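Everything on this sheet refers to the single structure shown next.
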Amino acid sequence: MKAFALVDGNSFYCSCERVFDPKLATRPVIVLSNNDGCAVARTSEAKALGIGMGDPYFKIRELCDQNRVAVFSSNYSLYGDMSARLNAIYRQWAPEVEIYSIDESFLDLSLIPERDRQTYGRDLRATVHQWTGIPTCVGIGPTKTLAKLANRVAKKNEELGGVCDLTDPAERDKWLPRIDVGDVWGVGPASERKLFELGIETAADLRDMPTRLARQRMTVVGERTVLELRGIACMALEELPPQRKGCAVTRSFGKPVSTLDEMLEAVSAHALRAAEKLRRHKLETSHLTVFMHTSPFNRRDPAHGGSKTVHLPEASADTFELIEAARCGAQAIFREGYRYAKAGVIMDDLIPAGSGIRPLFPARDRDKSERLMTALDAVNAVFGRGTMVPAGVGINKREWQTKFDRRSPRYTTRLDELPHAMAT
DNA sequence: TCTGGGGTCCTAGGACCC
DNA sequence: TCTGGGGTCCTAGGACCC
């Protein structure tokens with residue numbers, strides 16, 4: 001019989017910040033999205049103050065000041081590294097691990113006897129906490145959807161000690177009626193509304209609805225959720241991430257951009273990052289879409305936005321070619337007299353590097369390009385991102401750059417930002 | 001004044017073909 | 001007045017996830 005565990009870090013980004021500053025242990029902590037825009041992680045103390053997921057920071061700033069909330073910009077270097085440490089532990093504990101997101105992993109628990117699963121969960125939590133300082137919760141079930149649900153139960157019911165096992169149908173009968181249908185994995189706001197109209201309000205109601213009706217109203221995705229809630233596994237553990245299909249680099253500006261020069265600098269910087277990402281995944285693209293738009297929240301200034309797809313002569317991951325394409329697209333969209341709030345580059349239909357069709361009369365020297373990109377990546381890997389960039393790319397100290405005014409040190413990935421310890 | 005970024009999957013409907 | 005049938009492919013948009 002298959003069994004899954006879903007392990008996730010509690011208020012993960014906040015917990016990462018707490019690991020390196022013990023003074024935060026009892027204070028409310030929040031972490032903001034890019035550009036210091038919205039609250040995307042909150043500790044229980046912060047939630048208790050009424051800070052919601054996605055609340056814009058400018059609306060809660062006062063509340064935060066009054067309550068000594070510790071506020072951080074996102075520090076992805078730190079969170080990514082802590083995430084890798086958690087997964088290294090999971091791999092010692094399970095034969096197969098699927099990394100589902102930066103703070104959630106599914107573990108294959110099929111070989112753990114049912115009676116030992118509670119203990120297993122408790123021991124895993126304790127180990128992770130001891131080795132990394134990160135608090136976690138463990139949800140266990142015969143399907144991924146039930147493991148997710150169990151994890152939620154463990155989170156919301158402190159008396160369970162951070163572990164919940166829904167392998168036993170009797171346990172499911174106990175908990176599923178207490179869970180709102182909108183809290184089931186895969187049920188978003190649109191489906192929740194439809195289900196409410198049918199009188200389906202809890203996870204138990206959803207489990208018991210006819211599969212045909214589920215399919216009719218919520219496509220095959222909804223039908224699968226119903227089956228999974230009944231304990232019929234429709235989703236397997238995906239150990240190897242499937243090849244990615246698209247790749248995007250998009251950013252809000254720290255200050256609105258109104259000049260073409262600045263816009264070209266910005267999209268060049270985004271294209272540069274996009275090309276690096278492609279090469280890291282050994283992929284290429286044959287076309288690139290640029291977009292820009294003014295703020296959707298600002299009703300006073302005139303609004304403008306648009307996107308433009310630029311085709312390359314042949315598939316490529318060459319920084320210079322992608323920058324050229326991005327600048328070309330941006331010039332076609334940009335108009336004077338607007339305050340642009342965001343721009344980005346998007347690439348889809350990615351193909352493995354070198355697998356594309358070659359033109360009969362190539363416009364460029366592929367080998368030369370590849371050698372140059374290898375050298376570029378090597379320099380930047382040793383001396384840090386942005387050490388060597390093509391001229392005309394805005395990479396350092398520009399007004400429009402995304403804000404990270406409250407970022408903590410990158411304790412675990414930068415030698416010059418190591419935490420300091422003092423003994424007296 | 002200040003509101004994130006990056007993905008996946010599914011379906012409907014249009015274009016096109018014979 | 002009556003005006004075929006059945007495919008495939010592509011894209012846009014919706015829905016969902018963290």
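Residue numbers start from 1 in every chain, and the chains themselves are labelled A, B, ... in the order their sequence lines are given, proteins ahead of strands. The model shown is predicted, which means the values in this text are computed figures rather than measured ones.
- When the C1' atom of C:dC18 is taken as reference, atom OH of A:Tyr79 falls 15 Å away, rounded to whole Å.
- Backbone-only contact: A:Asp103 has heavy atoms under 4.0 Å from sugar-phosphate atoms and none from a base.
- Cation-pi check for A:Arg178 over A:Trp175 is met; the charged atom lies under 6.0 angstrom from the ring centroid and within 45 degrees of its normal.
- In this structure, the nucleotide among B:dC10, B:dG4, C:dC18 sitting nearest to the side chain of A:Val220 is B:dC10.
- Proximity of A:Ser33 to the phosphate of B:dT3: no side-chain N or O atom is located under 4.0 Å from OP1 or OP2.
- Checking C:dC18, C:dC16, B:dT3 against every side-chain atom of A:Pro189, the shortest atom distance belongs to C:dC16.
- When the nucleotides B:dC10, B:dG6, B:dG5 are ranked by their closest atom to the side chain of A:Thr219, B:dC10 comes out on top.
- Contacts of A:Thr402 with the nucleic acid, taken as non-hydrogen atoms under 4.0 Å apart, are absent.
- Comparing B:dT8, C:dA15, B:dT3 by their closest approach to the side chain of A:Lys245 singles out B:dT8.
- At least one donor-acceptor pair under 3.5 Å links the side chain of A:Lys194 to the backbone N or O of A:Arg217.
- Of the candidates B:dG5, B:dG7, C:dC18, B:dG7 carries the atom nearest the A:Arg244 side chain, counting heavy atoms from C-beta on.
- The interatomic distance linking A:Glu223 (CD) with C:dA15 (P) rounds to 19 Å, in whole Å.
- Taking 4.0 angstrom as the limit, A:Lys148 places a side-chain polar atom (N or O) nearer than this to OP1 or OP2 of C:dC18.
- One can place CG of A:Asn298 at 9 Å from P of B:dT1, the figure rounded to the nearest angstrom.
- The side chain of A:Ser191 sits closest to C:dC16 out of C:dC16, B:dC2, B:dG5.
- Per the geometry, CD1 belonging to A:Ile99 stands 17 Å off C1' belonging to C:dC17, to the nearest Å.
- Of the candidate nucleotides B:dC10, B:dG7, B:dT3, B:dT3 has the atom lying nearest to any side-chain atom of A:Phe297.
- Here A:Val31 lies out of heavy-atom contact (under 4.0 Å) with every strand.
- When rounded to the nearest whole Å, the span between CD1 of A:Ile102 and P of B:dG7 equals 13 Å.
- Residue A:Tyr57 is out of contact with every strand shown, counting any heavy-atom pair closer than 4.0 Å.
- In this structure, the ring of A:Phe72 has its center no less than 6.0 angstrom from the ring center of A:Tyr13.
- Sequence order on DNA chain B of the closest nucleotides to A:Arg300 and A:Gly37 puts A:Arg300 first from the 5' end.
- The side chain of A:Arg61 approaches B:dC2 more closely than any other nucleotide in the set B:dC2, B:dG5, C:dC18.
- Proximity of a side-chain donor or acceptor of A:Arg27 to a complementary backbone N or O of A:Arg68 within less than 3.5 Å is detected.
- Taking only side-chain atoms of A:Arg251, from C-beta outward, the nucleotide of B:dT11, B:dG6, B:dG4 with the closest atom is B:dG6.
- Remark: C1' of B:dC2 and CZ of A:Arg406 are 12 Å apart, rounded to the nearest angstrom.
- Nucleic acid contact for A:Lys194: none, since no nucleic acid atom lies under 4.0 Å from a heavy atom of the residue.
- Taking for each of A:Asn34 and A:Phe58 the nucleotide of DNA chain B with the nearest heavy atom, the 5'-most of the two is the partner of A:Phe58.
- Remark: P of C:dC18 and CZ of A:Phe106 are 9 Å apart, rounded to the nearest angstrom.
- B:dG14 is paired with C:dC9 under the criterion used here, namely a Watson-Crick or G-U wobble arrangement in which both key atom distances are under 3.5 Å.
- Taking side-chain N and O atoms only, A:Lys342 has a distance below 4.0 Å to OP1 or OP2 of B:dG5.
- A distance-only check finds a donor-acceptor pair linking the side chain of A:Glu228 to the backbone of A:Met235 [under 3.5 Å].
- A cation-pi geometry, defined here as NZ or CZ lying under 6.0 Å from the six-membered ring centre and within 45° of its normal, does not hold between A:Lys342 and A:Phe253.
- Minimum atom distance to the side chain of A:Val249 is reached by B:dG6, of the listed C:dC18, B:dG6, B:dT3.
- Across all strands shown, A:Pro242 has no heavy atoms under 4.0 Å from either base or sugar-phosphate atoms.
- The shortest distance between side-chain heavy atoms of A:Asp8 and A:Asn151 falls below 4.5 Å.
- Distance A:Asp36 CG to B:dG4 P: 11 Å, rounded to the nearest Å.
- Within the nucleic acid shown, A:Lys403 has no heavy atom closer than 4.0 Å to any nucleic acid atom.
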